[in-house]
Amino acid sequence: MSSGEGQSKEQTEGNLIISPLPEGVEPGKMQVKVIEQFNNPLLQRKEVKAVVYHVGLPTPQRLQLREELAKALGSSPELTYVTHVYTQYGIGVSRVEAHVYFDKNTAELVEPLYVKLRNMPKDQAKKIMDEIRSKRKAAKKPAAKGGG
(Lines give C-alpha, C1' and ligand atoms only; values in the text may rest on other atoms or scores of the structure.)
Protein backbone atom coordinates (compact mmCIF):
# COMPACT_ATOMS: atom_id res chain seq x y z
CA MET A 1 0.00 0.00 0.00
CA SER A 2 1.51 3.29 -1.06
CA SER A 3 1.24 6.44 1.03
CA GLY A 4 -1.59 7.89 -1.08
CA GLU A 5 -3.90 4.86 -1.17
CA GLY A 6 -5.41 4.92 2.32
CA GLN A 7 -6.21 8.64 2.32
CA SER A 8 -9.58 10.16 1.55
CA LYS A 9 -10.10 12.43 -1.44
CA GLU A 10 -10.05 15.51 0.78
CA GLN A 11 -6.75 17.34 0.90
CA THR A 12 -5.58 19.16 3.97
CA GLU A 13 -3.69 22.46 4.00
CA GLY A 14 -2.96 23.35 7.62
CA ASN A 15 -6.36 23.57 9.30
CA LEU A 16 -8.21 24.21 6.03
CA ILE A 17 -9.87 21.18 4.42
CA ILE A 18 -10.09 21.46 0.64
CA SER A 19 -12.77 19.17 -0.67
CA PRO A 20 -13.22 18.44 -4.37
CA LEU A 21 -16.54 19.34 -5.98
CA PRO A 22 -19.24 16.68 -5.78
CA GLU A 23 -19.74 14.58 -8.87
CA GLY A 24 -21.71 16.37 -11.59
CA VAL A 25 -21.09 19.90 -10.27
CA GLU A 26 -19.40 22.19 -12.78
CA PRO A 27 -17.90 25.60 -12.03
CA GLY A 28 -19.96 28.39 -13.56
CA LYS A 29 -23.27 26.50 -13.31
CA MET A 30 -25.83 26.43 -10.53
CA GLN A 31 -27.01 23.05 -9.27
CA VAL A 32 -29.58 22.25 -6.55
CA LYS A 33 -29.40 19.14 -4.40
CA VAL A 34 -32.35 18.51 -2.06
CA ILE A 35 -31.07 17.14 1.25
CA GLU A 36 -34.15 16.92 3.43
CA GLN A 37 -37.91 17.13 2.96
CA PHE A 38 -40.45 17.19 5.76
CA ASN A 39 -44.12 16.89 4.89
CA ASN A 40 -46.12 19.19 7.22
CA PRO A 41 -49.81 18.26 6.80
CA LEU A 42 -50.98 20.78 9.40
CA LEU A 43 -49.70 23.74 7.36
CA GLN A 44 -50.24 21.93 4.03
CA ARG A 45 -46.65 22.31 2.87
CA LYS A 46 -43.29 20.60 2.45
CA GLU A 47 -40.40 22.07 4.40
CA VAL A 48 -37.29 21.61 2.29
CA LYS A 49 -33.57 21.93 2.97
CA ALA A 50 -31.24 21.96 0.00
CA VAL A 51 -27.66 22.68 -0.97
CA VAL A 52 -27.06 24.94 -3.95
CA TYR A 53 -23.70 24.75 -5.70
CA HIS A 54 -22.79 27.99 -7.49
CA VAL A 55 -19.01 27.69 -7.82
CA GLY A 56 -17.55 30.66 -9.66
CA LEU A 57 -20.86 32.55 -9.45
CA PRO A 58 -22.26 34.98 -6.88
CA THR A 59 -24.90 33.82 -4.42
CA PRO A 60 -28.11 33.40 -6.45
CA GLN A 61 -31.03 35.72 -5.77
CA ARG A 62 -34.15 34.34 -4.09
CA LEU A 63 -36.19 34.50 -7.30
CA GLN A 64 -33.62 32.37 -9.08
CA LEU A 65 -33.40 29.95 -6.14
CA ARG A 66 -37.19 29.76 -6.03
CA GLU A 67 -37.37 28.72 -9.69
CA GLU A 68 -34.53 26.19 -9.40
CA LEU A 69 -36.00 24.62 -6.25
CA ALA A 70 -39.43 24.40 -7.86
CA LYS A 71 -37.86 22.72 -10.89
CA ALA A 72 -35.95 20.25 -8.69
CA LEU A 73 -39.06 19.40 -6.66
CA GLY A 74 -41.48 19.34 -9.58
CA SER A 75 -43.69 22.11 -8.19
CA SER A 76 -44.73 25.60 -9.21
CA PRO A 77 -42.54 28.63 -8.40
CA GLU A 78 -45.65 30.47 -7.13
CA LEU A 79 -46.03 27.83 -4.40
CA THR A 80 -42.34 27.89 -3.39
CA TYR A 81 -41.03 30.38 -0.82
CA VAL A 82 -37.32 30.60 0.07
CA THR A 83 -37.15 31.42 3.78
CA HIS A 84 -33.38 31.35 4.45
CA VAL A 85 -30.16 31.35 2.42
CA TYR A 86 -26.88 30.63 4.22
CA THR A 87 -23.72 31.20 2.19
CA GLN A 88 -20.19 30.69 3.40
CA TYR A 89 -17.75 33.23 2.00
CA GLY A 90 -15.65 32.16 -0.98
CA ILE A 91 -16.85 28.57 -1.32
CA GLY A 92 -19.69 28.82 -3.83
CA VAL A 93 -22.04 26.61 -1.82
CA SER A 94 -25.23 27.79 -0.09
CA ARG A 95 -27.69 26.06 2.21
CA VAL A 96 -31.28 26.94 1.45
CA GLU A 97 -34.45 26.45 3.46
CA ALA A 98 -37.81 26.75 1.70
CA HIS A 99 -41.51 26.04 2.05
CA VAL A 100 -43.42 24.44 -0.82
CA TYR A 101 -47.19 24.74 -0.43
CA PHE A 102 -49.83 22.43 -1.88
CA ASP A 103 -52.15 25.32 -2.88
CA LYS A 104 -51.89 29.09 -3.30
CA ASN A 105 -54.63 30.00 -0.77
CA THR A 106 -52.82 28.25 2.07
CA ALA A 107 -49.55 29.93 1.09
CA GLU A 108 -51.20 33.36 1.23
CA LEU A 109 -52.66 32.64 4.68
CA VAL A 110 -49.66 30.99 6.32
CA GLU A 111 -46.52 32.63 4.93
CA PRO A 112 -45.61 35.97 6.61
CA LEU A 113 -45.70 39.16 4.54
CA TYR A 114 -41.93 39.78 4.78
CA VAL A 115 -41.19 36.33 3.29
CA LYS A 116 -43.69 36.91 0.47
CA LEU A 117 -42.08 40.29 -0.26
CA ARG A 118 -38.58 38.79 -0.32
CA ASN A 119 -39.74 36.21 -2.88
CA MET A 120 -41.12 38.81 -5.32
CA PRO A 121 -39.38 40.94 -7.92
CA LYS A 122 -38.03 44.08 -6.21
CA ASP A 123 -40.23 46.53 -8.13
CA GLN A 124 -43.39 44.60 -7.26
CA ALA A 125 -42.39 44.35 -3.56
CA LYS A 126 -41.60 48.09 -3.46
CA LYS A 127 -45.03 48.89 -4.93
CA ILE A 128 -46.79 46.81 -2.24
CA MET A 129 -44.71 48.39 0.56
CA ASP A 130 -45.52 51.89 -0.76
CA GLU A 131 -49.24 51.03 -0.69
CA ILE A 132 -48.96 49.76 2.89
CA ARG A 133 -47.08 52.91 3.98
CA SER A 134 -49.63 55.22 2.35
CA LYS A 135 -52.49 53.37 4.07
CA ARG A 136 -50.73 53.72 7.43
CA LYS A 137 -50.19 57.45 6.83
CA ALA A 138 -53.83 57.93 5.85
CA ALA A 139 -54.97 56.10 8.98
CA LYS A 140 -52.75 58.25 11.25
CA LYS A 141 -53.70 61.69 9.83
CA PRO A 142 -57.36 61.80 10.98
CA ALA A 143 -56.35 60.71 14.49
CA ALA A 144 -53.73 63.49 14.68
CA LYS A 145 -56.19 66.22 13.63
CA GLY A 146 -58.80 65.20 16.18
CA GLY A 147 -56.34 65.33 19.09
CA GLY A 148 -56.65 69.09 19.27
Side-chain angles (χ1 to χ4, degrees), residues 9-148:
K9 290 185 178 183
E10 293 182 346
Q11 300 171 359
T12 318
E13 253 183 49
N15 293 337
L16 178 68
I17 297 175
I18 301 170
S19 179
L21 289 175
E23 201 169 308
V25 175
E26 298 176 28
K29 291 187 178 180
M30 183 169 63
Q31 185 175 356
V32 177
K33 182 180 177 186
V34 176
I35 293 184
E36 186 180 325
Q37 288 187 46
F38 173 71
N39 202 8
N40 190 335
L42 182 65
L43 296 175
Q44 298 179 9
R45 70 183 182 196
K46 279 188 232 175
E47 296 169 3
V48 179
K49 292 183 182 179
V51 173
V52 178
Y53 297 96
H54 49 90
V55 179
L57 299 172
T59 303
Q61 294 183 354
R62 284 179 194 256
L63 288 174
Q64 193 177 7
L65 288 171
R66 187 179 186 187
E67 289 178 17
E68 291 296 322
L69 271 172
K71 196 185 314 178
L73 296 167
S75 70
S76 170
E78 292 98 35
L79 301 176
T80 306
Y81 292 90
V82 176
T83 56
H84 292 94
V85 180
Y86 303 102
T87 303
Q88 203 169 3
Y89 179 76
I91 294 181
V93 178
S94 298
R95 285 185 343 207
V96 177
E97 294 176 7
H99 297 152
V100 181
Y101 288 89
F102 301 137
D103 65 68
K104 192 169 181 120
N105 292 334
T106 306
E108 290 296 320
L109 288 172
V110 175
E111 208 60 47
L113 177 63
Y114 76 93
V115 173
K116 288 187 253 183
L117 291 173
R118 286 179 183 176
N119 282 273
M120 289 182 188
K122 288 191 182 203
D123 57 339
Q124 190 177 356
K126 185 177 181 345
K127 185 176 163 185
I128 291 171
M129 281 305 297
D130 289 342
E131 288 175 16
I132 291 170
R133 286 184 186 120
S134 66
K135 286 180 184 176
R136 285 183 184 162
K137 268 188 182 176
K140 283 184 178 180
K141 282 189 179 182
K145 287 181 183 177

Novice: For Phe38, which residues count as a ring-ring contact (aromatic ring centres under 6.0 Å, His included) partner, sequence neighbours excluded?
Specialist: none
Novice: Are Met129 and Leu117 close enough, and set up right, to give a side chain to side chain contact (heavy atoms under 4.5 Å, CB included), and what steps lead you there?
Specialist: CA-CA 9 Å; Met129 281 305 297; Leu117 291 173; 3.4 Å; yes
Novice: Does a side-chain N-to-carboxylate-O contact under 4.0 Å join Lys127 and Asp123?
Specialist: no
Novice: Do the rings of His99 and Tyr101 sit parallel, tilted or perpendicular, given the 30° and 60° boundaries?
Specialist: perpendicular
Novice: Using the side chain to side chain contact (heavy atoms under 4.5 Å, CB included) criterion, which residues pair with Val100? Sequence neighbours excluded.
Specialist: Lys46, Val48, Leu73, Ser75, Thr80
Novice: How close do Val82 and Val115 get, counting heavy atoms only, and between which atoms?
Specialist: O-CG1, 4.1 Å
Novice: Can you confirm whether Thr83 sits close enough to Glu111 that some side-chain heavy atom of one is under 4.5 Å from a side-chain heavy atom of the other?
Specialist: yes
Novice: With a 4.5 Å limit on heavy-atom distance, are the side chains of Arg45 and Thr106 in contact?
Specialist: no
Novice: Can you list the steps and then say if Tyr86 with Glu97 is a side chain to side chain contact (heavy atoms under 4.5 Å, CB included)?
Specialist: CA-CA 9 Å; Tyr86 303 102; Glu97 294 176 7; 3.7 Å; yes
Novice: How about CD on Gln61, more than 12 heavy atoms from neighbouring residues, nucleotides or ligands closer than 6.0 Å, or not?
Specialist: no
Novice: Quick check on Gln88: does its CD atom have over 12 non-hydrogen neighbours (other residues, nucleotides or ligands) under 6.0 Å away?
Specialist: no
Novice: Hey, mind stepping through Leu113 and Ile132 against side chain to side chain contact (heavy atoms under 4.5 Å, CB included) and telling me if it holds?
Specialist: CA-CA 11 Å; Leu113 177 63; Ile132 291 170; 3.7 Å; yes
Novice: Could you tell me if the side chain of Lys116 sits less than 4.5 Å from the side chain of Glu108, heavy atoms only?
Specialist: yes
